[in-house]
Amino acid sequence: MNNPSHLPDGYHFDYGYVSPAYGIIFPGPLKNAEYRTLADELIRKSESAPASEKLFMKKLNWKKADFTLARYAKGKDYVNIAVRTVNPDSKLTTVIQNDQSTAEKLTIKGTEVFYINSSETNQSTNARKNWLGWKDDNNHLLYEIYDNQDSQLSKQDLVKIAEDVLTSH
């Protein structure tokens with residue numbers, strides 16, 4: 001993911017991360033043989049370790065991600081751009097909002113997106129004020145752009161960032 005060229009004034013890259021594909025590392029009830037072998041190895045280590053040892057780790061090699069996040073910040077305010085994989089068989093994406101939020105459909109660069117604005121001000125500090133997202137069915141991805149509850153950003157700020165993201169793909 002490239003830095004958006006239309007970041008609001010004063011916002012700069014703060015941090016980002018990429019997470020491995022959930023199904024590779026944490027498959028359903030230990031059905032994956034490689035994961036089962038890893039789990040058995042860690043269990044054996046825990047059983048033979050002194051009682052004071054409670055944490056057992058092993059670095060895993062992975063090549064496929066299913067979640068990426070980039071955070072851009074200005075002081076205490078931030079805007080996140082997150083991309084996650086979705087199941088290719090999934091035809092439905094559920095977006096949950098509170099009763100005080102308003103939602104609307106927008107079209108940006110030919111792509112239908114949702115926009116939710118939360119007027120609720122007593123939510124946790126991780127709550128979103130503006131939230132914009134869309135599903136890319138061709139690549140099985142869900143894009144989300146959102147800010148913090150006390151942010152001064154507007155819907156148009158998120159739309160400009162979305163235009164950059166959509167143009168870069």
Side-chain angles (χ1 to χ4, degrees), residues 1-9 11-36 38 59-74 77-120 123 126-149 151-169:
M1 181 181 338
N2 296 327
N3 281 340
S5 58
H6 289 94
L7 281 173
D9 287 338
Y11 280 77
H12 64 278
F13 180 77
D14 188 27
Y15 68 84
Y17 58 87
V18 178
S19 296
Y22 181 77
I24 293 171
I25 305 301
F26 302 107
L30 300 177
K31 292 179 183 175
N32 179 292
E34 184 179 359
Y35 181 78
R36 182 69 239 170
L38 171 64
K59 181 180 176 183
L60 302 177
N61 294 319
W62 53 274
K63 294 179 181 159
K64 186 175 180 185
D66 79 350
F67 182 76
T68 301
L69 179 126
R71 176 169 284 189
Y72 301 88
K74 177 182 177 182
D77 289 333
Y78 63 82
V79 61
N80 288 340
I81 302 173
V83 184
R84 73 180 66 246
T85 59
V86 292
N87 185 327
D89 298 329
S90 174
K91 303 296 180 209
L92 176 67
T93 299
T94 304
V95 177
I96 299 171
Q97 68 184 67
N98 64 37
D99 289 342
Q100 295 78 28
S101 297
T102 59
E104 61 184 290
K105 281 193 234 180
L106 306 172
T107 301
I108 302 173
K109 299 283 184 182
T111 299
E112 189 175 86
V113 305
F114 67 83
Y115 171 73
I116 297 174
N117 177 271
S118 176
S119 59
E120 186 73 21
Q123 295 179 8
N126 291 329
R128 301 167 176 153
K129 176 183 170 190
N130 296 291
W131 180 19
L132 189 145
W134 65 93
K135 189 174 172 188
D136 175 349
D137 288 323
N138 293 330
N139 295 302
H140 315 296
L141 298 171
L142 176 65
Y143 288 82
E144 297 177 288
I145 302 170
Y146 54 93
D147 58 0
N148 56 297
Q149 184 65 46
S151 169
Q152 298 302 306
L153 297 180
S154 68
K155 173 173 81 173
Q156 194 56 36
D157 291 321
L158 270 64
V159 167
K160 286 181 180 180
I161 295 170
E163 288 173 345
D164 284 351
V165 172
L166 285 162
T167 300
S168 69
H169 289 84

Going by heavy atoms in the side chains, are I145 and W134 under 4.5 Å from each other?
yes
The side chain to side chain donor-acceptor pair (under 3.5 Å) partners of Q152 (sequence neighbours excluded) come to none
Please state whether the rings of F114 and W131 are parallel, tilted or perpendicular, taking 30° and 60° as the class boundaries.
perpendicular
Nearest atoms (heavy-atom pairs only) where K129 meets N148:
CB-O, 3.4 Å
Mark yes or no for whether H12, through its side chain, and K74, through its backbone, hold a donor-acceptor pair below 3.5 Å.
no
What distance separates L142 CG from K135 NZ, expressed to the nearest 0.5 Å?
8.0 Å
I'd like to know if D66 and K64 make a salt bridge, using a cut-off of under 4.0 Å between side-chain N and carboxylate O.
no
Can you see which heavy atom on D164 is nearest to which on H6, and at what distance?
OD2-N, 2.6 Å
Test your reading of the model: is there a side-chain donor-acceptor pair from D147 to the backbone of N130, 3.5 Å cut-off?
yes
Atom CG in L158, atom CD in E144: separation rounded to 0.5 Å?
11.5 Å
Any side-chain to backbone donor/acceptor pair from N117 onto T102? Under 3.5 Å, distance only.
no
Just by distance, with hydrogens left out, do S151 and D77 show a side-chain donor and acceptor under 3.5 Å apart?
no
About how many Å separate CG of L106 and OG1 of T111, when rounded to the nearest 0.5 Å?
11.5 Å
Look up atom CZ in F13 and atom CG in L7, then write down how far apart they are to the nearest 0.5 Å.
11.0 Å
Verify, without hydrogens or angle tests, whether D157 (side chain) and S154 (backbone) share a donor-acceptor contact under 3.5 angstrom.
yes
Does a side-chain heavy-atom distance below 4.5 Å link L132 with I108?
yes
Heavy-atom side-chain contact between L141 and T85 under 4.5 Å
yes
Sidechain-backbone polar pair: D14 side chain, Y78 backbone, donor-acceptor under 3.5 Å
no
Could you check if a side-chain atom of Y15 sits within less than 4.5 angstrom of a side-chain atom of L69, using non-hydrogen atoms only?
yes
Any heavy-atom pair between the side chains of I81 and Y72 that's under 4.5 Å?
yes
